[in-house]
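All ligand and atom numbering here is 1-based and tracks the order in the structure. Remember, it's a predicted structure, so these values are computed and weren't measured experimentally.
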Amino acid sequence: MSKPKVLVTRKLPDSVQQRLQRDYDALFNHDDHVFDRGELLAKAEGVAAILPCHSERFSADVIDALPDSVRIIANYSVGVDHVDLEAAKRRGIVVTNTPDVLSDATAEIALLLALGAARRASEGDRLVRRGAWTQWSPSFMVGTQITGKAVGIVGMGRVGRAAAQRFRGLDMEIHYHNRSRLPEAQAQGAHYHASLDEMLGAVDVVSLHCPATPDTTGLINAERIARLRDGAILVNTARGALVDDDALIAGLKAGKPAAAGLDVFNGEPGGDPRYRELDNTFLLPHIGSATTETRAAMGERALANLDAFFAGREPGDRVA
Ligand code: 8YV
């Protein structure tokens, strides 16, 4: 029997590419450039599956233009906001993601961003590097301690729970806003807030962990920023779309929030250049899942979904 033809849009870890080469008729992107719409559609000609990253957009018009041969989009990502799931359903294309395996790595980055923003790590690093560390005084580089303070998790899914676990390690009081109250979180003493607005005024660090959907786009806007406590810190490892950049930049300039740690941006790669001008930002280039271990595990998870699909079973991580 011939092997299913799979288009792999980006260069993946060697172990994953080797497995793809062994078990599939894989078409690789060896120089790892980002396909534009035309190249994506041309390369998809005759393939049964596409294994993309969040860097390729499958809008409704791309999905509608995909060749009939494409039966599954097995994403190498947990977020699926780059895929129009309704359009995929209409065309009968199965869509999967890679949950769980990147929760710990992303939660590490949430903790890093919270600490980095609170303790002015990026500002301090830049100061030392440019040889400007020439003095010390009791008021030099004073930040905020987050140990023992309250953190509000927006979206208590897998990554949110993994982040909460790490914030607990700093003796932080855990608050969360989620569609529903979670028995496990309640049992661990977390405070549930049905209203995000209410939670924002009750915490010192706000960490975003919900998916980007039409409902959550611009969730952190000027009115919500105004509700933050004095000295509050905003952390985003989820998606840039959750934040209204104009509102956050104006807020950071005015000192509310006091600082922000951002790993994700509207307009990636690059993000809004105004963030770079601010000392009270700690900025990373979307590296939430960027560990050797996690990137290999994401590949295994995407492969497990492909394996199940082509064996005639329901893929474990089907989202459409
Ligand atoms: C990945 C992510 O880097 O999985 C996600 O949703 O945002 C990141 O951790 C990226 O999506 C890989 O495609």
Side-chain angles (χ1 to χ4, degrees), residues 6-17 20 26 28-29 32-36 40 49-59 62 72-85 88 95-113 153-163 166 207-213 216-217 219 235-243 261-271 283-306 315-320:
V6 181
L7 171 62
V8 186
T9 65
R10 303 302 300 271
K11 191 172 181 319
L12 300 182
D14 288 347
S15 61
V16 181
Q17 298 221 156
L20 277 158
F28 294 114
N29 174 3
D32 200 26
H33 66 285
V34 181
F35 294 162
D36 63 19
L40 178 65
I50 304 180
L51 200 168
C53 294
H54 82 287
S55 45
E56 288 77 52
R57 297 215 72 76
F58 290 86
S59 54
V62 172
I72 176 169
I73 298 173
N75 288 291
Y76 182 82
S77 68
V78 64
V80 287
D81 49 297
H82 59 292
V83 182
D84 189 318
L85 299 181
V95 181
T96 59
N97 69 344
T98 57
D100 299 320
V101 289
L102 42 66
S103 305
D104 288 337
T106 308
E108 283 185 356
I109 293 293
L111 187 65
L112 173 67
L113 288 173
I153 307 283
V154 182
M156 199 64 149
R158 299 170 178 93
V159 183
R161 293 197 296 273
R166 280 151 186 86
S207 193
L208 304 179
H209 299 285
C210 56
T213 65
T216 60
T217 299
L219 190 75
V235 168
N236 191 5
T237 54
R239 283 292 182 265
L242 304 179
V243 171
L262 308 174
D263 181 48
V264 288
F265 300 85
N266 287 301
E268 291 183 15
L283 310 174
L284 294 176
H286 198 150
I287 56 166
S289 66
T291 68
T292 307
E293 299 84 346
T294 301
R295 288 286 158 85
M298 288 166 72
E300 290 306 320
R301 193 88 180 206
L303 272 161
N305 287 317
L306 284 179
D317 305 313
R318 185 169 180 174
V319 291

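Atoms CG and CZ, on Asn236 and Phe265 in that order, are 8.5 Å from each other to the nearest 0.5 Å.
Sorted by chain and number, the residues within 4.0 Å of ligand 1 by heavy atom are Cys53, His54, Tyr76, Ser77, Val78, Gly79, Leu102, Arg239, His286, Ser289, Arg295.
Residues in residues 99-110 take part in these side chain to side chain donor-acceptor pair (under 3.5 Å) pairs, two or more places apart or across chains: Asp100-Arg158, Asp100-Arg301, Asp104-Arg166.
With sequence neighbours left out, Phe35 forms a ring-ring contact (aromatic ring centres under 6.0 Å, His included) with His33. For Leu112, the side-chain contact (heavy atoms from CB on, under 4.5 Å) partners at least two apart in sequence or on another chain are Ile109, Phe282, Leu284.
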Exercise for the section: Under the side chain to side chain contact (heavy atoms under 4.5 Å, CB included) rule, what do Val8 and Tyr76 come out as? Steps first, then yes or no, please. Expected result: CA-CA 10 Å; Val8 186; Tyr76 182 82; over 6 Å; no

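Taking the six-membered ring where tryptophan is involved, the planes of His54 and His286 are tilted, since the angle between them lies from 30° to 60°.
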